[in-house]
Amino acid sequence: MKALYEKGFTQNRELSWLRFNDRVLSEAMDESVPLLERLKFISIFTSNLTEFFMIRVGSLFDMTSLQEDFIDNKSGMTPGQQLDRIFEAVRPLCKKRDEIFAQVEEQLRAYGIYHLSWDTLEKGEKKCVRQFYKASVQALLSPQIVDTHHPFPHLANGVIHIGVLLQHKSRVIFGVIPLPASLPDVFYLSGSETRFVRLEDILLEHAEQLFAPYTVLEKVAFCVTRNADINPDDEVFADESDFRKRMKRVLRQRKRLAPVRLELSSSISEDFTAYFMEKLGLSPAQIYRTRAPLKMDYVYGLISRISKSRRAALTYPKFTPVWPGSVKRHESILRQVEKRDILLSYPFESMEPFLQMVKEASEDSRVISIRITIYRLASHTKLVDYLCAAAENGKEVTVLIELRARFDEQNNIDWAERLEEAGCNVTYGFDFYKVHSKVCLITLKGKSGVHYITQVGTGNYNESTARLYTDLSLLTAHPQIGQDAAEFFKNMAIANLQGEYRHLLVAPVALKSTVLALMDEEIAKGAGGRIFIKINSLTDAEILDKLSRASCAGVQIQMVIRGICCLLPGIPEKTENIQILSIVGRYLEHSRIYCFGSGAEEKMYISSADFMTRNTERRVEVACPIYDGKVREKIHKIIEAELYDTLKARVLLPDGTYTQKDQRKSPLNSQEYLMEEAEKNAAPASDQKGWRVGFHRLFQRILRR
């Protein structure tokens with residue numbers, strides 16, 4: 001059988017991801033985007049790239065060390081060849097980032113925001129910084145030299161260090177200072193303008209003093225990125241019976257994994273570079289000199305330091321997710337869902353109706369149990385409070401919490417302990433399958449027996465990201481969906497991944513096979529077939545191949561894929577009937593929607609799963625059918641807005657690059673349009689106290705009589 005990459009319509013996932021991150025950087029170039037938001041996009045690009053090196057580059061290095069021939073099935077490249085292409089692609093992206101950063105920083109000065117180097121500080125400002133250094137910094141520093149009695153230290157992942165070459169008599173040695181985590185990234189100077197200097201620049205200025213009596217020959221700020229692609233199922237953890245303890249060991253281990261990148265704040269000599277390469281085991285291709293800051297977390301603190309008038313000019317207009325007009329605030333959410341399905345569209349609509357429903361369930365005497373799967377939570381969350389309250393009120397509360405949500409592991413461990421203390425039954429999923437589904441099931445007792453309220457979503461139960469990510473959340477009393485959800489939670493409790501369901505599509509067993517079967521149904525229709533897919537990533541080889549077959553059969557396929565896309569559209573006789581858009585804007589596109597067919601025969605699902613092999617085969621994911629006509633209509637409006645977006649949507653071309661849509665068409669920003677629609681259809685502000693207003697009016701009428 002012909003290998004997928006030999007068929008000529010796929011591309012390497014890592015290079016596709018880099019093109020997506022370039023799309024993020026393009027938002028920083030867009031002059032219609034407010035300046036501080038552009039600075040945020042540069043920060044997002046930077047943190048995205050760091051995570052990419054930690055996970056994807058790290059995993060490729062792991063593959064090269066195994067001495068086995070791994071061939072990428074999308075491009076035919078070995079891990080080593082992929083690394084070469086990655087390093088080749090990253091360097092111009094970093095150069096582009098540095099140029100955009102310099103432009104944005106220069107434009108911010110017109111608004112009194114000055115990011116200063118030591119040399120540009122005024123005399124009085126230097127005195128102020130030195131006072132700060134002596135009072136708050138100097139005592140916390142731990143400078144170290146490297147010689148026969150002082151071994152080369154472990155350089156922590158993602159921590160900025162100051163590195164120096166020192167000379168004392170005839171000896172040249174290395175010295176290093178890690179920036180303490182307890183100190184702020186930047187120091188703000190007093191005054192009416194927002195003037196600040198980065199902490200590493202302050203330490204660079206004081207390096208000579210710190211290493212006296214040595215002479216400083218060279219100095220540089222640097223940051224090491226380490227491989228974080230560690231698998232908690234590795235044999236090293238096999239003797240740990242308690243999974244939570246196992247995850248804690250994983251987090252400790254992650255801090256010491258091999259370096260995959262070195263970033264430098266300035267150019268250094270060949271000898272200094274060679275020293276780093278020897279000690280860290282890096283090649284020249286893994287060393288990057290950056291003019292932008294090594295870490296840009298400070299960007300998010302800038303907004304709180306500027307006046308409201310400047311904030312209005314430099315950031316997006318304030319938008320607060322609305323309470324949807326279709327949901328009555330002053331009536332029981334549970335009762336409303338029992339009458340009709342409700343769809344919440346984040347971040348345009350608020351998460352509050354769902355949270356209010358869980359709060360009601362914690363107090364409602366009809367409620368027997370609440371069961372929920374959790375992947376990521378906010379650092380402060382009302383949801384956990386309500387689940388704990390339900391357990392304390394005698395409800396049976398079962399929480400399946402995934403401890404391996406990458407980079408959120410410690411947060412989830414902490415929440416698991418809090419839930420257990422309140423009396424919730426907490427489980428942790430499976431050894432070899434992450435539980436990524438977003439399902440909540442409320443069981444109620446009634447006159448005719450038990451019935452269910454089911455919530456199925458495309459995104460996490462995270463009250464913070466629900467204001468930043470586009471996601472969908474369905475609340476339904478559909479009895480068959482509820483029965484499937486009850487069966488799902490029973491299977492999760494007994495570690496049965498082979499469960500059968502009539503309505504829900506559940507990975508790793510039935511989701512992909514059903515999606516492929518639904519595609520086959522459209523293939524059978526030929527030119528009358530229709531497929532729409534909205535996901536974040538597309539890498540699954542079987543699905544890629546099936547989409548090509550559908551295109552060859554004449555099926556019209558439209559996809560909105562935010563990030564990685566291994567499918568190349570528009571290739572004659574292979575993918576010519578496939579159109580793929582990517583949308584990057586104010587909010588992170590995160591919802592997953594699958595549609596097969598058209599008109600009355602259309603089958604529509606919302607899902608937690610992207611079409612990546614890890615989602616379809618190695619995770620527990622759930623897709624839920626949409627049966628309610630009004631909910632389907634609402635989702636279609638979202639789909640149409642995105643397909644007609646001419647401002648933030650980009651079209652994926654057959655060579656894997658993106659291009660803007662025809663700007664002669666009516667300008668449309670789909671996210672802005674959905675914000676406007678949400679505000680237009682929002683519940684009136686007075687509705688929050690509707691019962692009080694009604695009572696007041698009734699009382700006035702009585703008095704008038």
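All figures in this text were calculated on a predicted structure; none of them were measured in a lab. The first residue of the sequence shown is numbered 1, and numbering continues consecutively from there.
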Could you go step by step and tell me if I42 and V299 meet the side-chain contact (heavy atoms from CB on, under 4.5 Å) rule?
-> CA-CA 10 Å; I42 299 171; V299 169; over 6 Å; no
Derivation and outcome, ring pair (Phe, Tyr, Trp, His ring centres under 6.0 Å), residues Y316 and Y587 | CA-CA 11 Å; Y316 289 124; Y587 302 114; 7.7 Å; no
CA sep, side-chain torsions, deciding dist, call: S607, L511, side-chain contact (heavy atoms from CB on, under 4.5 Å) = CA-CA 10 Å; S607 177; L511 189 147; 4.1 Å; yes
Yes or no on salt bridge (Lys or Arg N to Asp or Glu O under 4.0 Å) for K680 and E677, after CA distance, side-chain angles and deciding distance?
-> CA-CA 5 Å; K680 187 165 57 177; E677 286 294 297; 2.8 Å; yes
side-chain contact (heavy atoms from CB on, under 4.5 Å) assessment of E51 paired with N48 = CA-CA 5 Å; E51 186 171 327; N48 280 353; 5.7 Å; no
Can you list the steps and then say if T443 with E396 is a side-chain contact (heavy atoms from CB on, under 4.5 Å)?
-> CA-CA 10 Å; T443 304; E396 180 190 332; over 6 Å; no
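No hydrogens or angles considered: a donor-acceptor pair under 3.5 Å links the side chains of E360 and S332.
Residue E352 forms a salt bridge (Lys or Arg N to Asp or Glu O under 4.0 Å) with just one option from K382, K359, R329, and that option is K382.
Remark: R592 does not engage E621 in a salt bridge, criterion side-chain N to carboxylate O under 4.0 Å. A salt bridge does not link K630 to D628: none of the charged side-chain nitrogens sits closer than 4.0 Å to a carboxylate oxygen. A salt bridge links K40 with E37; the closest basic N to acidic carboxylate O contact falls under 4.0 Å. With respect to K295 and D185, no salt bridge is recorded, no charged nitrogen being found less than 4.0 Å from a carboxylate O. A salt bridge is defined here as a Lys NZ or Arg NE, NH1 or NH2 lying under 4.0 Å from an Asp or Glu carboxylate O, and D484 with R502 fails to meet this definition. Using a cut-off of 4.0 Å between Lys/Arg side-chain N and Asp/Glu carboxylate O, E349 and K634 are scored as salt-bridged. A salt bridge is defined here as a Lys NZ or Arg NE, NH1 or NH2 lying under 4.0 Å from an Asp or Glu carboxylate O, and R586 with E27 fails to meet this definition.
Pairing each heavy atom of T225 with each of M54, the nearest pair is CG2-CG, 3.4 Å. Nearest heavy atom pair, residue I370 against residue A361, reads CD1-CB, 3.9 Å. The minimum heavy-atom distance between S582 and R562, with the atom names listed, is OG-O, 2.9 Å. The two residues T373 and Y461 come nearest to each other via the heavy atoms O-CE1, 3.1 Å. When all heavy atoms are compared, the tightest approach of S43 to Y300 is OG-CE1, 3.6 Å. Among all heavy-atom pairs drawn from I342 and V337, the shortest one is CD1-CG2, 3.9 Å.
Counting only distance, with no hydrogens or angles, the side chain of S345 and the backbone of F348 share no donor-acceptor pair below 3.5 Å.
Distance CD1/I635 to CE/M604: 5.0 Å, rounded to 0.5 Å. Here CG of L39 is found 10.0 Å from CG of L314. Values are rounded to the nearest 0.5 Å. L334 contributes atom CG, which lies 6.0 Å from atom CZ of R366 (distance to the nearest 0.5 angstrom). Annotation: the span from F489 atom CZ to T454 atom OG1 amounts to 9.0 Å, rounded to 0.5 Å. Residue L400 holds its CG atom at 6.5 Å from CZ of F430, rounded to the nearest 0.5 Å. To the nearest 0.5 angstrom, D610 atom CG is 4.0 Å from N536 atom CG.
Applying the salt bridge (Lys or Arg N to Asp or Glu O under 4.0 Å) test to every pair with at least one member in residues 485-498, sequence neighbours left out, gives these pairs: E487-K490.
Within a 6.0 Å sphere centred on OH of Y469, other residues, nucleotides and ligands contribute 12 heavy atoms or fewer.
A distance below 6.0 Å separates the ring centres of F611 and Y594.
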